[in-house]
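Note on naming: letters A, B, ... go to the chains in the order of the sequence lines (proteins, then strands), and numbering restarts at 1 for each one. Please read these numbers as outputs of a predicted model, since none were measured by experiment.
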2 protein chains.
Amino acid sequence: METYHHGSLRAELLGLAAETLESSGVHALSLRDLARRAGVSHAAPIHHFGTRTGLLTELARQGFEGLAAVLSDAGDDLYDAGVAYVRWGVGHPGLYGVMWQTELLDRTHEPLERARRDAWHHLERCLGPSTEARRTDALAAFALVHGVVQLILSGAEPRIQDDEASLRDLLRRLTPAS
Amino acid sequence: METYHHGSLRAELLGLAAETLESSGVHALSLRDLARRAGVSHAAPIHHFGTRTGLLTELARQGFEGLAAVLSDAGDDLYDAGVAYVRWGVGHPGLYGVMWQTELLDRTHEPLERARRDAWHHLERCLGPSTEARRTDALAAFALVHGVVQLILSGAEPRIQDDEASLRDLLRRLTPAS
DNA sequence: GGGTAAATCTTGTCGGTGACAAGTTACACT
DNA sequence: AGTGTAACTTGTCACCGACAAGATTTACCC
């Protein structure tokens with residue numbers, strides 16, 4: 001059969017990579033392993049992504065898009081959005097880490113940066129008009145939800161409950177300025 | 001001179017590793033490069049740390065100790081401690097990332113976990129007696145400062161100012177429960 | 001102070017990995 | 001039909017972490 005022209009190699013590689021990311025972590029993700037599992041040569045992934053960084057950058061971009069979609073669905077309430085954010089992050093332990101590890105990503109990749117800003121704006125939107133104080137509010141809100149996700153994922157604080165009620169209770173410690 | 005028995009190889013390797021970590025990031029930190037720069041054989045670092053994970057674990061432990069010391073000096077006020085935390089994190093961009101990247105560390109290493117808990121307790125101490133609500137307060141406080149550091153280090157939000165006044169203003173969005 | 005155990009470091013080697021270069025095959029478009 | 005281009009392969013290189021086995025030095029104990 002067709003040894004050449006797999007047809008949708010790029011998509012399949014991304015899928016396999018996402019699986020590995022969640023099941024085994026970034027460090028276990030190698031281009032050569034992906035190639036083996038997809039049944040192609042060891043250099044095939046490089047053709048599609050250039051470098052390993054290129055692959056991770058694409059995964060991160062997809063991640064921010066998924067996150068933005070969830071935030072968009074969560075509505076206009078800051079705490080609703082916060083809960084949605086945390087739940088998405090906790091649900092994607094491998095990917096979420098990659099999204100924030102700038103060392104692994106190509107920060108000059110415009111689609112990635114755009115997706116990141118989009119996700120940010122969905123959270124900022126819950127705070128009303130953009131004054132100076134609102135921007136600080138948004139920073140605090142983002143830092144809090146991001147920190148909660150990282151704390152949970154790191155496993156450093158096993159006492160954190162990630163059910164909705166506990167999360168909401170936690171997020172309520174944040175009170176936007178007057 | 002003495003080819004064998006460098007005298008303080010372990011300490012020198014840790015120092016070189018810390019330098020590389022801050023100047024070039026984790027990914028640029030290799031045991032073999034450390035060995036070259038210390039003028040020893042490529043396997044010498046392995047003798048002292050077992051694995052690369054072992055080296056990073058030791059660095060992280062030192063990191064938490066340094067962080068705990070800074071928090072201890074910051075006094076009893078939650079916001080003072082928060083500012084001190086953020087400033088320490090921002091001042092150690094490479095190391096701070098390693099400290100929270102569990103994939104790179106040996107989480108069963110008791111000295112590391114003890115140092116981590118110590119740092120935590122220094123922050124929790126600012127909140128008074130340990131009730132249920134206080135613990136949630138502590139979680140929120142930790143998540144917020146941690147998130148702020150990560151946001152700054154990631155460079156995703158260049159608008160964050162890390163001078164003391166701006167940081168304090170940001171941290172004030174957090175109000176512990178009654 | 002002599003001998004033995006342990007710690008420190010070296011040499012050698014293995015499998016795995018990212019990256020690049022050059023070649024081969026299939027598709028697309030005119 | 002023919003030609004350019006995209007998709008993929010084979011081959012290769014340097015680097016890395018890890019392990020094993022050996023050499024050298026220190027420490028300790030009688």
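For the pair A:Arg36 and C:dT17, the criterion of a side-chain N or O lying under 4.0 Å from OP1 or OP2 is met.
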Can you pull every protein N or O that's under 3.5 Å from an N or O on nucleotides 10-12 of chain D?
{"residue": "D:dG11", "atom": "N7", "partner": "A:His42", "partner atom": "NE2", "Å": "3.4"}

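For B:Asp169 and B:Arg172, the salt-bridge test fails: no basic side-chain N is under 4.0 Å from an acidic carboxylate O. A salt bridge links B:Glu110 with B:Arg117: the distance from a Lys NZ or Arg NE/NH1/NH2 to an Asp or Glu carboxylate oxygen falls below 4.0 Å.
Put simply, CG on B:Leu9 is 17 Å from P on C:dA7, counting in whole angstrom units. Here D:dA18 presents its P atom at 13 Å from CG of B:Leu34, a figure rounded to the nearest Å. Across the protein-nucleic acid pair, B:Asp106 atom CG and D:dA18 atom P stand 12 Å apart, rounded to whole Å. In this structure, B:Leu29 places its CG atom 11 Å from P of D:dC16, rounding to the nearest Å.
Residue B:His47 places its side chain closer to C:dT8 than to any other of C:dT8, D:dT9, D:dA7.
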Anything under 3.5 Å between a donor and an acceptor, one on a side chain of residues 87-95 of chain B, the other on a protein residue two or more places apart or in another chain? List them.
{"residue": "B:Arg87", "atom": "NH1", "partner": "B:Asp162", "partner atom": "O", "Å": "2.8"}
{"residue": "B:His92", "atom": "ND1", "partner": "B:Trp88", "partner atom": "O", "Å": "2.8"}

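The stretch residues 41-50 of chain B participates, sequence neighbours left out, in no side chain to side chain donor-acceptor pair (under 3.5 Å) pair at all. Residue pairs meeting the ring pair (Phe, Tyr, Trp, His ring centres under 6.0 Å) criterion with at least one member in residues 61-81 of chain B, sequence neighbours excluded: B:Phe64-B:Trp100.
Residue B:Asp118 holds its CG atom at 10.0 Å from OG of B:Ser72, rounded to the nearest 0.5 Å.
Shown here for B:Leu31 and B:Ile46, the closest heavy-atom pair between the two residues is CD1-CG1, 4.0 Å.
Within the nucleic acid shown, A:Ile46 comes within 4.0 Å of at least one base atom, counting heavy atoms only.
With sequence neighbours excluded, the residues satisfying side chain to side chain contact (heavy atoms under 4.5 Å, CB included) with B:Asp33 are B:Ser30, B:Arg36, B:Arg37.
Projected onto DNA chain D by closest heavy-atom contact, B:Ser30 and A:His48 fall at different nucleotides, the more 5' of which corresponds to A:His48.
Taking every heavy atom of residues 49-57 of chain B and every atom of DNA chain D, pairs under 4.0 Å involve B:Thr51, B:Arg52, by number.
A heavy-atom distance below 4.5 Å is not found between the side chains of A:Val98 and A:Leu59.
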